[in-house]
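What follows is a set of notes on a single structure, which appears directly below.
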Amino acid sequence: MLRRISFLSCFRLLHHMCTTTSPFPSPALHIPLHSHCTKSTNINHEIQSHSNKTQFLNFMRNQCKSGKLKSIDEALNFFHTMAKMNPLPSVIDFTLLLGFIVKMKHYTTAISLVKEMHSSLGIKPDTFILNVVINSLCHLKLVAFGFSVLGTMLKLGLEPSVVTFTILINGLCVKGDVGRAVELVDHVEKTGYRSDVKTYGVLINGLCKMGKTSEAVGWLRKMEERNWNPNVVVYSTVMDGLCKDGLVSEALGLCLEMSGKGIKPNLVTYTCLIQGLCNFGRWKEAGSLLDEMMKMGVMPDLQSLNILVDVLCKEGKIMQAKSVIGFMILVGEVPDVFTYNSLIDRYCLQNQMDEATRVFELMVSRGCLPDIVAYTSLIHGWCKIKNINKAMHLLDEMIKVGFTPDVVTWTTLIGGFCQVGRPLAAKELFLNMHKYGQVPNLQTCAIILDGLCKSQLLSEALSLFHAMEKSNLDLNIVIYSIILDGMCSAGKLNTALELFSCLPAKGLQINVYAYTIMINGFAKQGLLDKAEDLLSNMEENGCMPDSCTYNVFVQGLVAEREIARSIKYLTMMRDKGFSVDATTTEMIINYLSTNQGDNELREFLFPK
DNA sequence: AGTCTATCGT
């Protein structure tokens with residue numbers, strides 16, 4: 001069950017957390033103090049006089065504004081020099097420097113420096129400084145602490161600005177809490193605080209990343225209505241979301257609409273659209289869009305060419321992928337780990353481990369270091385052709401060269417052991433991966449449960465499943481479907497039906513897979529009336545049976561020689577445009593060859 | 001005067 005936490009209840013919660021007026025309401029939060037820097041003393045001598053101080057500050061401002069400041073040590077030197085000045089530079093100069101430290105992603109350092117400014121230098125925090133703190137906390141995924149700083153801000157009588165809310169909304173989005181992000185925007189507008197283009201941009205990006213594209217389009221339209229002039233970034237974000245949803249034509253339409261407003265598509269816009277077109281087999285249009293892009297003077301870069309290489313590989317068009325790589329080299333780009341990984345992954349999928357290994361070695365010889373994805377692809381490839389020894393050998397090798405296998409690597413290996421008929425070894429890995437610091441995710445659980453079920457180890461599967469139910473994992477319908485299928489295969493139909501009927505109470509939406517598993521279970525046992533009941537039930541519940549559902553049911557009918565009913569359902573399939581799969585066809589042909597006299601079914605299938 | 005986001009890839 002999803003519990004929606006409103007902005008206000010969040011606020012209330014945070015009030016408990018901030019009982020002091022210190023802007024650091026998180027004693028539980030261990031923030032490492034920045035390292036002491038030794039170089040600052042040299043600069044100290046140079047800034048004795050007033051004019052030197054002014055010069056120094058101007059230098060620092062320039063470095064920050066022009067982006068020339070690169071290392072964190074340099075920034076810390078600046079900070080300590082400033083901290084030793086008497087009188088202290090203004091809070092504005094500190095804010096400028098902190099902004100840069102945040103841009104360099106040194107969030108904990110930024111927070112501890114603000115802390116130091118407050119406690120050692122006596123600088124009173126203002127909205128700007130606290131925004132830096134909130135932003136740092138949000139980047140550390142500590143959004144709740146960010147809200148508590150907002151509480152402190154209000155308590156100190158400081159007015160949160162549109163930036164404050166934009167930071168928090170972005171923090172919620174990055175954490176995946178888009179629902180609360182939307183609530184916060186609504187709340188901000190209802191309570192008379194401001195939101196602006198950036199606020200909406202952040203929200204639209206969050207919605208797109210969570211696949212809520214239609215909502216994102218809604219907010220885009222709202223921006224247009226308010227004449228906020230969304231820019232090419234916002235439009236491209238939405239176009240990418242539409243493409244990922246399969247709404248490529250809509251994305252193209254939006255691009256035209258945007259161009260009509262005088263906003264030119266840029267490299268990213270074109271890349272998203274080309275990728276969308278390729279993903280749905282619209283190669284010709286993708287090609288002409290690529291031409292158009294270059295005609296407009298927008299040249300593809302390494303990343304956009306890599307996307308092309310990847311979609312081509314995924315489609316099995318290795319030759320074309322290689323010619324894109326050739327073009328890449330021609331225009332002076334150097335293939336990187338993404339380029340090689342796309343090829344490796346494809347060769348592994350095609351069981352061409354020699355080729356995959358060759359590309360891997362080529363990558364190394366060209367000075368491109370393989371990463372964890374490359375290793376995991378190869379491991380996956382060896383598992384696919386059931387060479388678990390090679391897979392384990394690669395695991396050793398990757399650990400030796402200093403990589404930490406991630407949850408995907410472990411899941412791949414667990415699947416590999418299941419595939420070679422060693423489900424108990426798979427279970428060992430599953431139970432031991434935490435020793436390597438990795439926690440199973442839902443995918444891992446699905447793989448191991450399915451492996452155990454398919455190896456007729458239902459009781460092993462069930463004991464793991466019950467342990468999972470007790471853990472914090474939010475088991476989804478996929479996991480339950482695997483268990484249902486395992487129970488059905490083991491002939492435990494009643495137990496399966498019992499679990500099946502509990503699903504809604506667990507807040508799970510029964511989908512077409514789960515229904516089909518149950519229908520298959522009943523049909524295989526010859527309980528055709530029960531299967532038929534479920535088939536009509538699912539439609540009533542708004543879950544449309546698919547081709548697979550009908551196929552498994554017809555297979556049950558044919559097995560029980562229920563020919564009239566088979567024809568009835570085969571007709572329904574024909575009307576709905578569903579095809580009869582290989583298993584069903586084979587069963588029908590077997591039936592016909594032993595029942596030569598059955599003309600009804602023969603004429604249905606082969607009308608004269 | 002200083003704080004926010006910035007879209008595409010295994």
Side-chain angles (χ1 to χ4, degrees), chain A residues 57 61 64-65 89-103 110 114 125-136 138-139 146 153 158 160-171 173-174 194-206 208-209 216 230-244 251 258 265-276 278-279 300-314 335-346 348-349 363 370-378 380 408:
Chain A
L57 288 177
R61 286 171 201 149
C64 283
K65 284 181 186 160
S90 82
V91 64
I92 294 168
D93 284 318
F94 280 104
T95 313
L96 195 58
L97 186 58
L98 284 168
F100 249 82
I101 293 172
V102 169
K103 276 208 186 80
V114 175
D126 63 6
T127 300
F128 290 82
I129 290 286
L130 292 184
N131 282 345
V132 170
V133 176
I134 297 176
N135 192 27
S136 301
C138 285
H139 277 289
M153 193 183 264
L158 297 167
S161 65
V162 59
V163 176
T164 316
F165 290 114
T166 304
I167 291 169
L168 284 166
I169 288 158
N170 188 50
C173 287
V174 169
R194 269 188 56 228
S195 57
D196 66 7
V197 188
K198 289 176 182 174
T199 319
Y200 276 34
V202 162
L203 185 68
I204 287 173
N205 186 40
C208 287
K209 291 292 167 299
N231 62 14
V232 63
V233 176
V234 176
Y235 277 110
S236 303
T237 308
V238 176
M239 281 178 224
D240 187 51
L242 287 167
C243 285
K244 299 259 150 71
M258 178 184 85
N266 64 13
L267 176 57
V268 178
T269 323
Y270 282 116
T271 308
C272 294
L273 293 174
I274 291 169
Q275 185 185 27
C278 291
N279 276 336
D301 63 358
L302 180 60
Q303 184 172 352
S304 56
L305 291 173
N306 273 343
I307 291 170
L308 270 181
V309 170
D310 191 52
V311 282
L312 288 167
C313 283
K314 285 222 160 57
D336 68 358
V337 66
F338 286 93
T339 326
Y340 292 111
N341 281 350
S342 298
L343 277 176
I344 291 174
D345 195 53
R346 182 64 211 184
C348 288
L349 272 180
M363 157 159 83
D371 62 0
I372 182 163
V373 178
Y375 277 102
T376 304
S377 287
L378 284 180
H380 185 216
V408 181

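We name chains A, B, ... by the order of the sequence lines, and we start the count at 1 in each one. Values below: every heavy atom of this structure, side chains too, minus hydrogens, waters and symmetry copies.
Using a 4.0 Å heavy-atom criterion, one finds that Val202(A) contacts the sugar-phosphate atoms exclusively. Residue Ile167(A) is in sugar-phosphate contact alone, with no base atom involved, counting any heavy-atom pair closer than 4.0 Å across all strands shown. Residue Gln275(A) is classed as a sugar-phosphate contact, given heavy-atom separations below 4.0 Å to backbone atoms only. Among the protein residues, Asp336(A) comes within range of the nucleic acid bases, having at least one heavy atom under 4.0 Å from a base atom. The residue His380(A) sits apart from the nucleic acid: no heavy atom pair falls under 4.0 Å.
Considering only residues two or more places apart in sequence or on other chains, Lys244(A) meets the side chain to side chain donor-acceptor pair (under 3.5 Å) condition with Asp240(A).
Taking every heavy atom of both residues into account, Ile167(A) and Cys138(A) meet most closely at O-SG, 3.9 Å. The heavy-atom pair separating Thr339(A) from Val309(A) by the smallest distance is O-CG1, 4.3 Å.
Taking CG of Leu97(A) as the reference point, atom CG of Asp93(A) lies at 9.0 Å (rounded to 0.5 Å). Rounded to the nearest 0.5 Å, atoms OG1 (Thr166(A)) and CG (Asn135(A)) are 10.5 Å apart.
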Practice task
Please lay out, stage by stage, how Ser236(A) and Val233(A) fare under the test side-chain contact (heavy atoms from CB on, under 4.5 Å).
Solution key: CA-CA 5 Å; Ser236(A) 303; Val233(A) 176; 5.8 Å; no

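Of all nucleotides in DNA chain B having an atom under 4.0 Å from a heavy atom of chain A, the first and last in 5' to 3' order are dA1(B) to dT10(B).
Of all the residues in residues 89-97 of chain A, Val91(A), Ile92(A), Thr95(A), Leu96(A) reach under 4.0 Å from DNA chain B with at least one non-hydrogen atom.
Asp345(A) and Ser342(A) share no donor-acceptor pair across their side chains, judged by distance under 3.5 Å alone. Between the side chains of Asn341(A) and Asp371(A), at least one donor N or O lies within less than 3.5 Å of an accepting N or O.
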